[in-house]
Chemist: 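The structure is given below, and queries will be raised subsequently.
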Amino acid sequence: MNASVFELALPQPFDFQQCLDYMTRSPLESLYRMDYSGVNRLLRVGSADRLVRVTCLEGRGVMQVQMLDGASLSLEDREQLTRYIKDWFDLDRDLKPFIKLLQGDPLLAPLAERFAGLRLVGIPDLFEALCWAIVGQQVNLAFAYKLKHRLAERYGIAADWEGATYRLFPLPERFAGESVESLCSLQLTKNKAMAILDVASRMAGGELSRDKLLKLNDSESVDQELTKIRGIGPWTAQYVRMRCLGDQTALPVGDVGLQNAVKKLLGLSLKPTPLELSALFDQWPGWESYIAFYLWRTLEV
DNA sequence: CACCAGGACGGGA
DNA sequence: TCCCGTCATGGT
């Protein structure tokens, strides 16, 4: 047994291919790279940047995590990486009740058929999640991916492996002393540039962190903590609760993609309003984020 | 050239 | 509190 590889038990249901399909949706994704059997990405583990490969042996019911540099992991590093991988693929969630909910609802049953085993792919790093949400405000996804790539390319750490370049999303500290103008040169709007610098500064100073947000007892407090930052509105806060904090009840009602998905689902002639979305989801309490995530998939498959 | 895109903000009723 | 105009930038 090589100490550079470890395994995690897979929950049921779990469909790795569904997760990979989601992650492959944009050819512009720059933070990880997929192939036929898994995904590689550069991650900071402890104080080192490690190239990590994730695959699944679904017959044995395990996920395999491999360090591509072949070097072993300390126990502490392995625990940290395990935490990250579990959050990335939402391995600790029991989806059985969710599948039951889908199957028992005529409106949602098709989702169970099409996406069974798909996990809500997370963005465990708060800074990355916030930046991704900020660059994604009110622009199409293709452009959002370009902006993220430019951020990673200019400010992130890179490592080459087998002819491909892998990038670590920049750390908040990297933006200390950066100007709004330098971010705007990447074609971020002024407001987005200022928001990212503000978030970076708060996180680097320890005032804002994922752990602190997780310790708040209700979603309203989280939204309040986040939306007090200029440039972070309700959509961004809800999005971060959904993709980063693992809040099953998060529902980005202002999301135009979700609105379009529901419009399609119900055969409406107009996009539903946030209020209408909220009322619709009242019948599925506790699984808002998963239903929203699955509905997003219906726009791309 | 119009309209859209996985919004945010501020002023006015 | 809710509504609405405005900002801002690339894609289609």
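Chain letters run A, B, ... following the sequence lines, proteins first, then strands; residues in each count from 1.
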Chemist: When we call it a touch if two heavy atoms are under 4.0 Å apart, what does A:Val256 touch: a base, just sugar-phosphate, or nothing?
Modeler: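 The answer is sugar-phosphate, as A:Val256 gets under 4.0 Å only of primed atoms, P, OP1 or OP2.
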Chemist: What's the NZ-P distance between A:Lys146 and C:dG10, to the nearest Å?
Modeler: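 Rounding to the nearest Å, NZ of A:Lys146 and P of C:dG10 are 10 Å apart.
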Chemist: Look at all strands and tell whether A:Lys192 reaches a base, only sugar-phosphate, or nothing, counting heavy atoms closer than 4.0 Å.
Modeler: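 Counting heavy atoms under 4.0 Å across all strands, no contact is made by A:Lys192.
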Chemist: Under 4.0 Å between any heavy atoms, over every strand shown, what does A:Leu299 touch: base, sugar-phosphate, or nothing? Just pick one.
Modeler: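 Answer is nothing: A:Leu299 stays at 4.0 Å or more from every strand.
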Chemist: I need the CD-P distance between A:Gln137 and C:dT9, as an integer number of Å.
Modeler: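 One finds 14 Å between P of C:dT9 and CD of A:Gln137, rounded.
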Chemist: Charged N to carboxylate O under 4.0 angstrom, A:Asp92 versus A:Arg83?
Modeler: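 A salt bridge links A:Asp92 with A:Arg83.
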Chemist: To the nearest angstrom, how far is A:Gln138 atom CD from B:dC4 atom P?
Modeler: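 Going from A:Gln138 (CD) to B:dC4 (P), I get 11 Å.
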Chemist: Roughly, in whole Å, what's the span from CD in A:Gln187 to P in B:dA5?
Modeler: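 Roughly 21 Å, once rounded to whole Å.
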Chemist: With heavy atoms under 4.0 Å as the rule, sort A:Leu258 into base, sugar-phosphate or nothing.
Modeler: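 Contact class for A:Leu258: none.
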Chemist: Would you mind checking if A:Glu173 and A:Arg44 are paired as a salt bridge, meaning a charged N to carboxylate O distance below 4.0 Å?
Modeler: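 Judged by the 4.0 Å cut-off on N to carboxylate O distance, A:Arg44 and A:Glu173 do not form a salt bridge.
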Chemist: Between A:Gly231 and A:Trp296, just flag the one whose closest nucleotide in DNA chain B comes earlier from the 5' side.
Modeler: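 Mapping each residue to its closest nucleotide by heavy atoms, the 5'-most match is A:Trp296.
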Chemist: Just the rounded figure in Å: distance from C1' of B:dA8 to CG of A:Asp223.
Modeler: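 Those two atoms, CG and C1', are 15 Å apart.
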Chemist: Backbone N or O of A:Ser182 within a donor-acceptor pair of the A:Arg154 side chain at under 3.5 Å?
Modeler: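 Pair found, side chain donor or acceptor close to backbone of A:Ser182.
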Chemist: Looking at A:Arg202 and A:Asp198, does any basic side-chain N land under 4.0 Å from a carboxylate oxygen?
Modeler: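 Salt bridge between A:Arg202 and A:Asp198, a charged N being under 4.0 Å from a carboxylate O: yes.
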Chemist: When you match A:Thr189 and A:Asn140 each to their closest nucleotide on DNA chain C, which lands nearer the 5' end?
Modeler: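 It is A:Thr189, whose closest nucleotide lies nearer the 5' terminus.
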Chemist: May I have the distance from A:Phe143 (atom CZ) to C:dG10 (atom P), rounded to whole angstrom?
Modeler: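 Rounded to the whole Å, the gap is 5 Å.
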Chemist: At less than 4.0 Å, is any side-chain N or O atom of A:Arg230 found next to OP1 or OP2 of B:dG10? Yes or no.
Modeler: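 Checking A:Arg230 against B:dG10: at least one side-chain N or O falls below 4.0 Å of OP1 or OP2.
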Chemist: Measure from NZ on A:Lys190 to C1' on C:dG10 and round the result to the nearest Å.
Modeler: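 About 20 Å, once rounded to whole Å.
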Chemist: Kindly say if A:Lys228 contacts the phosphate of B:dA8, meaning a side-chain N or O under 4.0 Å from OP1 or OP2.
Modeler: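 For B:dA8, neither OP1 nor OP2 has a side-chain N or O of A:Lys228 closer than 4.0 Å.
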Chemist: Between A:Glu7 and A:Arg60, does at least one N-O distance fall below 4.0 Å, as a salt bridge requires?
Modeler: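 Counted as a salt bridge, because a side-chain N and a carboxylate O are separated by less than 4.0 Å.
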Chemist: Write down the distance between CG (A:Leu275) and P (C:dC3), rounded to a whole number of angstrom.
Modeler: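 So the CG-P distance, A:Leu275 to C:dC3, works out to 8 Å.
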Chemist: At 4.0 Å (heavy atoms only), tell me whether A:Thr236 reaches a base, stays on the sugar-phosphate, or touches nothing.
Modeler: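 Sugar-phosphate, no base atom in range.
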